[in-house]
Amino acid sequence: MVYQVYPRSFLDTNGDGIGDLPGIEQRLDHLSWLGIDTVWISPFYRSPMADFGYDVSDYCDVDPLFGTLADADRLITAAHQRGIRVLIDWVPNHTSDRHPWFIESRSSRSSPKRDWYHWRDGRGSAPPNNWRSVFGGPAWTLDDATGQWFLHLFLAEQPDLNWSNPEVVDAMHQVLRFWLDRGIDGFRIDVVHCIGKDPVFADQPAALGEIDRVGIQNESVTHELIRGFRRLVDGYPGERTTVGEVNLGDLSSIGSFYGHGDELHLVFNFLPLYAPWTRAAWQDMIERVEREFPPGAWPTWVLSNHDVRRVRTRLGSEHAARAAAVISTTQRGTPFVYQGDELALEDAVVPERRRVDPGGRDGCRAPIPWEPDRSHGWPSAPWLPWPPHADTRNAASQRANPRSMLHLYRDLLAARRASPALRRGMVRLLDAPGDVLAYERVSGEDRRLVLVNFGEQAAHVPLAEHWQVEVASASQPDAGSLPPHAAALLRPSA
Ligand code: NOJ
Ligand code: CA
């Protein structure tokens, strides 16, 4: 399982209200105890923080807010000592507008780095084409100094790099090497499907309406660039990994980013972020992942991240969030858990005056409460308000309570580690009555059965005869009797 750390909100150690790298190191034992294999840390590079670190002004340094390169080295070593692998975020599509490359590029039309970004003449006083940015408005901003427009699929503070320029490819490959040489185990690659651009920058067809460019940007040249990353990463000893964020709508396009085993090792499957809590929707997702991903592609399952409302908030109850945890950790593929989902956190309610994110995503980025007392283990008030019920939904209280979400996750991960069927077996959907989703995982002699009741009523499932409960999201009278919105992992009866 991969555990996502959003460093600003994990734990502060120096009292500035912002989580930092020493804070992650301090709580590595929480992650070991939970039983995770890998952490992915959202960006901690130098950044003006217009998009909270996804606007990088130096890829080879740590922002002083988060610590120093020495802190990063210590964190990597401390994680490795506990058998935890470390993935860092890499943001290849765009830099900050304060990155020295962009400052140089915008300085004049004849700058040697002019072509490192996408500069175009406007159409009269209008932008070069009709592309929209994710955060609203045109994806182009006019730079008065040189009278040309630059492309930014996100904020104007995040100009897009021009990956058709081999110097950009070289410079960014050096960034990968810089971190691989420091011992990191791989990268989560931000909006990787966006890096290749249409060389003629054609208008988006009117039929697509005002849809932003990131949801449809898919050029074949991107795959060639990704094969380059893969060759570089595979050239390093040990098991190094790449996980790509591909925000395209259909699964087969997303699946194409695995290539023929020569592109990304893993690609995010975001379907669960948008699925309603029904048997039909979740069964359909499992079937589609099996059907539409290329053979040999290892899926992923994402329930939350720093860009969307938390699973507990979306599904509307802790019961459903617990059942969803059973599903995601018993699928074929790697589960991704966003920090705080293991505590069943809800999004914080952030009053207007404290909102800071240009994308309205503050609620899911609330700080992690570690202790029950009012400071929740933080040395001073954090940058965002606490999530609801932090007096019970905190790491210490839940560690003391064997029925907590935290223990449920721990039990699920332990069960997964112990079972070849859960780790890598095939998945087979089974017939079950009404609102019950049932599937089996099988590897050789090893078998597990998972039952999920999406309904409001308790359900009885005859097929659970000869099985016993290994881990359940809610207490149930016997293997085949599921309370409403509950899930159980079953093993064959002894
Ligand atoms: C996806 C990241 O997850 C999100 O937080 C960010 O705003 C955009 N990419 C731009 O980097
Ligand atoms: Ca701090």
Side-chain angles (χ1 to χ4, degrees), residues 2 4-27 40-45 47-57 59 62-68 71-72 75 87-97 99 132-136 139 151-161 172 187-195 212-215 217 243-248 267-268 270 273 300 302 304-309 336 338-339 356-365 367-368 370 375 377-384:
V2 180
Q4 180 190 355
V5 171
Y6 191 72
R8 281 184 88 84
S9 301
F10 194 70
L11 178 64
D12 175 27
T13 57
N14 64 350
D16 63 0
I18 293 176
D20 40 47
L21 298 184
I24 305 174
E25 189 183 340
Q26 234 179 65
R27 292 289 173 160
W40 144 38
I41 309 173
S42 281
F44 50 79
Y45 306 104
S47 163
M49 305 287 167
D51 188 15
F52 295 99
Y54 285 93
D55 50 320
V56 178
S57 56
Y59 291 93
V62 172
D63 195 278
L65 262 187
F66 296 123
T68 61
D71 292 329
L75 174 57
L87 308 183
I88 65 170
D89 223 302
W90 182 51
V91 189
N93 180 66
H94 43 268
T95 68
S96 161
D97 64 341
H99 196 295
R132 313 280 304 168
S133 99
V134 164
F135 294 121
L151 178 70
H152 53 88
L153 298 186
F154 294 86
L155 297 172
E157 291 87 346
Q158 294 168 296
D160 283 42
L161 281 165
M172 288 299 266
F187 302 92
R188 175 269 187 192
I189 312 183
D190 193 63
V191 289
V192 67
H193 64 298
C194 289
I195 59 177
D212 71 62
R213 189 66 199 169
V214 171
Q217 174 73 31
V243 188
E245 183 197 21
V246 176
N247 278 311
L248 296 170
V267 181
F268 284 135
F270 289 146
L273 301 180
T300 65
V302 180
S304 295
N305 62 33
H306 63 294
D307 290 331
V308 294
R309 290 185 308 144
F336 279 74
Y338 176 50
Q339 67 178 31
V356 287
D357 177 48
R361 299 161 294 187
D362 298 315
C364 65
R365 299 177 178 183
I368 298 300
W370 292 99
S375 69
W378 284 56
S380 65
W383 67 295
L384 282 175

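Both counts, for ligands and for their atoms, begin at 1 and track the order of listing.
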Determine yes or no for a side-chain-to-main-chain donor-acceptor pair under 3.5 angstrom, with [X] supplying the side chain and [Y] the backbone.
{"X": "W378", "Y": "I368", "answer": "yes"}
{"X": "S380", "Y": "G15", "answer": "yes"}
{"X": "D55", "Y": "E157", "answer": "no"}
{"X": "W370", "Y": "L11", "answer": "no"}

Is there side-chain contact between D307 and E245, with at least one heavy-atom pair below 4.5 Å?
->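 Yes, side chains in contact.
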Give the residue and atom name of whichever protein heavy atom lies nearest to [atom], and the separation in Å to one decimal.
{"atom": "atom 7 (O) of ligand 1", "value": "D51 OD2, 2.6 Å"}
{"atom": "atom 2 (C) of ligand 1", "value": "D190 OD1, 3.2 Å"}
{"atom": "atom 5 (O) of ligand 1", "value": "D307 OD1, 2.7 Å"}
{"atom": "atom 8 (C) of ligand 1", "value": "F154 CE2, 3.6 Å"}

Tell me, which N, O or S atom in [X] is closest to the Ca ion (ligand 2)?
{"X": "D12", "value": "OD1"}
{"X": "D20", "value": "OD2"}
{"X": "D16", "value": "OD1"}

Under 6.0 Å between the ring centres of Y54 and F154?
->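 Judged by ring-centre distance (under 6.0 Å), Y54 and F154 do not meet the cut-off.
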Ring centres of Y338 and W40 under 6.0 Å apart?
->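 No.
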Measure the distances from the heavy atoms of R188 to every atom of ligand 1 and state whether one is below 4.0 angstrom.
->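 It does, in that a heavy atom of R188 comes within the 4.0 Å cut-off of ligand 1.
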Would you call F135 a ligand 1 contact, heavy-atom distance under 4.0 Å?
->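 Checking ligand 1 against F135, which is what was asked, there is a heavy-atom contact under 4.0 Å.
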Could you tell me, atom by atom, which parts of ligand 1 come under 4.0 Å of a heavy atom of [X]?
{"X": "R361", "value": "4 (C), 5 (O), 6 (C), 7 (O)"}
{"X": "E245", "value": "1 (C), 3 (O), 9 (N)"}
{"X": "R365", "value": "5 (O)"}
{"X": "H94", "value": "10 (C), 11 (O)"}

For N247 and F270, run side-chain contact (heavy atoms from CB on, under 4.5 Å): C-alpha distance rounded to whole Å, both residues' side-chain angles, the deciding distance at 0.1 Å, then the answer.
-> CA-CA 8 Å; N247 278 311; F270 289 146; 3.3 Å; yes
Side chains of D63 and S47: donor-acceptor distance under 3.5 Å anywhere?
->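 Side chains of D63 and S47: no pair found under 3.5 Å.
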Contact flag N14/the Ca ion (ligand 2), N/O/S atoms, threshold under 3.0 Å =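 Yes, within the cut-off.
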Got a sec: is G15 within less than 3.0 Å of the Ca ion (ligand 2) via an N/O/S atom?
->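 So G15 does not count as coordinating the Ca ion (ligand 2).
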Please lay out, stage by stage, how R188 and D89 fare under the test salt bridge (charged side-chain N to carboxylate O under 4.0 Å, His left out).
-> CA-CA 5 Å; R188 175 269 187 192; D89 223 302; 2.8 Å; yes
